[in-house]
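Report on one structure; see the data block that follows.
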Amino acid sequence: MSRQRISLRTELPLLAWLVILWGALWRDFSPANLVFGALVALVVTRLFYLPPVELSGRFNVLHAARYAVVFVGQVVAASLQLLWLALTKGPAVRSAVIAVPLRSHADLMVTATGHVISLVPGSLVVDVDRANATLYVHYIDVDDAAGAERRRREVLAAEAELIRIMGTREELELLREEERMVGAADRGKAGSR
Amino acid sequence: MTLDPSALDTVLTWVAGILMVAGSALSLSAAVGLLRFPDLITRMHAATKPQVLGSLLLLTAVGLQLRSWALVPLALVAWIFQLLTVPVSAHMVGRAGYRTKHLKDARLSVDELEDVVARLEREHAARRPGSGGADDGGADGERAGAPMLREDGS
């Protein structure tokens, strides 16, 4: 087994998180406790080796804050919708398993998109095709192919948000390109009418 | 306008109370969903998701009621771990449920995974001629070595 050495810089977010976790669990953020927490974090990351998470190197805090609010709103709306569905449709509800090929092939991006999709009630990742970066998502309350298409676009929209927050520059560039094309198509449609 | 401490106290207690009732209502909605939905995966939706929001509301209520800043990071960590683990458990149960055919097919309007799984199972059976007939054991749900979609290059 070959162990790829990780630079301290790549490991820094993980270490910082572990130190914060240590402080939170002790409910004590005094410097002495944090220093000891840092020591524990170093020992733990040396002993229990994990493959490094490949970060893209950019993180847009503004987008992240905005999306966090949007996301909580989605969770609230979907929770109420699910309750309504349970009360009204119940056993007669129809669902669908939808294949969604994602734009990004990065593991972190596929995982993050899957997490966000799973956290919004009403959708659940049933399977992942890692080689093709395709999520198979189970959606509740989908009656036909048009509904499935709408849900597919929802997943892609969630991925687009995540790319804006922490995708690589190439992914962001691709996304902008795509949006320009969609915008041009819309204008074309409006012009022909 | 300045609030005297006792008025602030009352307001915080009321907010905490409302949050607790709302959080419990979400747990109730999970229970209703469990009773009403037809199959494993739709029940998974009801059982796992509203409770993420419910736990956030309850943790906020506890934080407001105890009024201790030291508790905030702890509650935040508890919620972050909820966010990280709930999708994983939902995915594992959902995936196992799909592969062992605990879904009522008539309830699916669109299924784009079916063909992929069927193809992988055929390939898997072809590679291991001894095991043969991988498709007949759907009902017992104990198909050893079901092919992994996640394998690289598959």
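In the text below, chain A, chain B and the rest are named by the order of the sequence lines, each starting its count at 1. Computed from heavy atoms alone, side chains included, the values below leave out hydrogens, waters and symmetry copies.
Both the backbone and the side chain of A:Val76 come within contact range of chain B, judged by heavy atoms closer than 4.5 Å. Contacts of B:Leu26 with chain A are made by side-chain atoms alone, with heavy-atom separations under 4.5 Å and no backbone atom involved. Contact annotation for A:Arg151: neither backbone nor side-chain heavy atoms come within less than 4.5 Å of a heavy atom of chain B. Only the side chain of A:Ala148 comes within contact range of chain B, with heavy atoms under 4.5 Å apart. When heavy atoms are compared at a cutoff of 4.5 Å, A:Trp84 does not approach chain B at all. Using a 4.5 Å cut-off between heavy atoms, A:Ile20 makes no contact with chain B at all. With a 4.5 angstrom heavy-atom cutoff, B:Leu28 does not touch chain A via any of its atoms.
Residues satisfying the side-chain contact (heavy atoms from CB on, under 4.5 Å) criterion with B:Ile18, sequence neighbours excluded, are absent altogether. When the side-chain contact (heavy atoms from CB on, under 4.5 Å) test is applied to A:Val35, no partner is found at least two apart in sequence or on another chain.
Minimum interatomic distance between B:Arg95 and A:Val126 (heavy atoms only, all atoms of both residues): CB-O, 3.1 Å. Summarising the geometry of A:Val110 relative to A:Ser104, their closest heavy-atom pair is CG2-O, 3.8 Å, with the distance given to 0.1 Å. Contact between B:His91 and A:Val125 at its shortest, heavy atoms only, is ND1-O, 2.8 Å.
Chain B forms more heavy-atom pairs under 4.5 Å with one residue of A:Gly114, A:Ala24, A:Ala145, A:Gly147 than with any other, namely A:Ala24. Interface summary for chain B: among A:Leu83, A:Ile140, A:Asp141, A:Leu21, the most heavy-atom pairs under 4.5 angstrom belong to A:Ile140. Of the residues considered (A:Ala86, A:Ala99, A:Gly23), A:Ala86 shows the highest number of contacts with chain B, using heavy-atom pairs under 4.5 Å. Between chain A and the options B:Ala46, B:Ser68, B:Pro87, B:Ala30, heavy-atom pairs under 4.5 Å are most frequent for B:Pro87.
Look at A:Arg94 and A:Asp144 and you find no salt bridge, because none of the NZ, NE, NH1 or NH2 atoms lies under 4.0 Å from a carboxylate O. Between A:Glu179 and A:Arg103 there is no salt bridge, since none of the side-chain N atoms of the basic residue sits less than 4.0 Å from a carboxylate O of the acidic one.
Looking at A:Trp22 and A:Phe36, their side chains come closer than 4.5 Å, going by heavy atoms from C-beta outward.
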